[in-house]
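The structure appears below as structure tokens.
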Amino acid sequence: MIKVVKGDITKFRAEAIVNAANKYLEHGGGVAYAIAKAAAGDVREYIRISKEAMREQLGKDWIDHGEVVVTPPLQLEKNGVKYVIHTVGPYCGGSWDEDKKSKLKLAILGALKKADELGVKSIAFPAISAGIYGCPLEKVVETFVEVVKEFLPSAKSLREVFLVLYSQEDYEKALKIVGQGG
Ligand code: AR6
């Protein structure tokens with residue numbers, strides 16, 4: 001159900017890709033910056049597009065865990081991407097507890113639900129909150145598996161869910177947790 005892959009999500013072919021954003025969609029670093037750069041070329045322009053979409057879709061200037069904003073693929077269309085779904089995970093700063101877990105679950109579930117609503121068949125996620133936000137990768141991957149396994153059986157269109165890990169080390173850890181790597 002879940003495929004763990006190593007690579008750069010901005011090069012990945014899926015109908016939807018998910019961005020690990022912050023609540024103001026500022027895209028200042030990490031995967032958010034990479035997506036902004038790859039999609040629009042100009043990061044400031046991508047932030048403008050994202051904020052405008054947020055106002056249109058949510059009627060406010062920030063998103064909470066579980067809320068998502070959808071932007072067009074722009075230059076990522078060449079990868080077969082139809083939508084970029086922006087979601088916000090928790091800030092952990094190295095720690096982990098039930099509250100962080102439930103916020104991460106909301107962030108992942110929000111993106112899955114939106115993709116399914118949009119009729120998307122394949123979706124690729126980065127390890128939300130496992131970078132600048134400092135959540136333990138193992139916990140992020142475990143939570144991801146839990147949410148996807150709960151959601152997929154009732155999905156209308158979603159069939160393939162990819163977890164894209166950027167570093168070899170994270171990839172190997174994730175493979176072990178998801179059970180493809182022995
Ligand atoms: N493809 C796939 N994964 C990537 C890529 C990439 N091109 N680049 C980084 N990662 P992060 P967060 C991995 O920090 O922890 C931003 O400034 C990275 O190795 O991007 O949710 C936002 O605007 C890590 O495993 O997101 C927010 O302010 C994972 O993606 C804040 O960072 C997530 O790392 C969000 O922090």
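Heavy-atom basis, side chains included; hydrogens, waters and symmetry copies ignored. For ligands, and for the atoms within them, numbers begin at 1 and follow the listed sequence. Everything quoted here is computed from the prediction, not taken from an experiment.
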When rounded to the nearest 0.5 Å, the distance separating CG of L158 from NZ of K121 is 10.5 Å
- Message: Once rounded to the nearest 0.5 Å, what's the spacing between atom NZ of K114 and atom CD of E67?
- Response: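 CD of E67 is found 10.5 Å from NZ of K114.
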Query raised in the report: Charged N to carboxylate O below 4.0 Å: is that the case for D99 and K103?
Result: yes
Note to self: Please say yes or no: joined through hydrophobic side-chain contacts below 4.5 Å, possibly via intermediate residues, are V148 and Y171 part of one cluster?
What the structure shows: yes
Report, one line per pair, each donor and acceptor closer than 3.5 Å where one atom sits in a side chain of residues 131-143; sequence neighbours left out.
unit_1, atom_1, unit_2, atom_2, d
T143, OG1, K139, O, 2.6

Ligand 1 polar-atom proximity to protein (N/O, under 3.5 Å):
unit_1, atom_1, unit_2, atom_2, d
ligand 1, 1 (N), I9, N, 2.9
ligand 1, 7 (N), D8, OD1, 2.9
ligand 1, 14 (O), I132, N, 2.7
ligand 1, 15 (O), G131, N, 2.9
ligand 1, 15 (O), I132, N, 3.1
ligand 1, 15 (O), Y133, N, 3.0
ligand 1, 17 (O), G29, N, 3.1
ligand 1, 17 (O), G29, O, 3.4
ligand 1, 20 (O), V31, N, 2.7
ligand 1, 21 (O), S129, N, 2.8
ligand 1, 23 (O), N22, ND2, 3.3
ligand 1, 28 (O), N22, ND2, 3.0
ligand 1, 34 (O), G131, N, 3.4

Exercise for the section: Examine F144 together with F125 and report whether their ring centres are nearer than 6.0 Å. Expected result: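 Distance test on ring centres: under 6.0 Å, yes.
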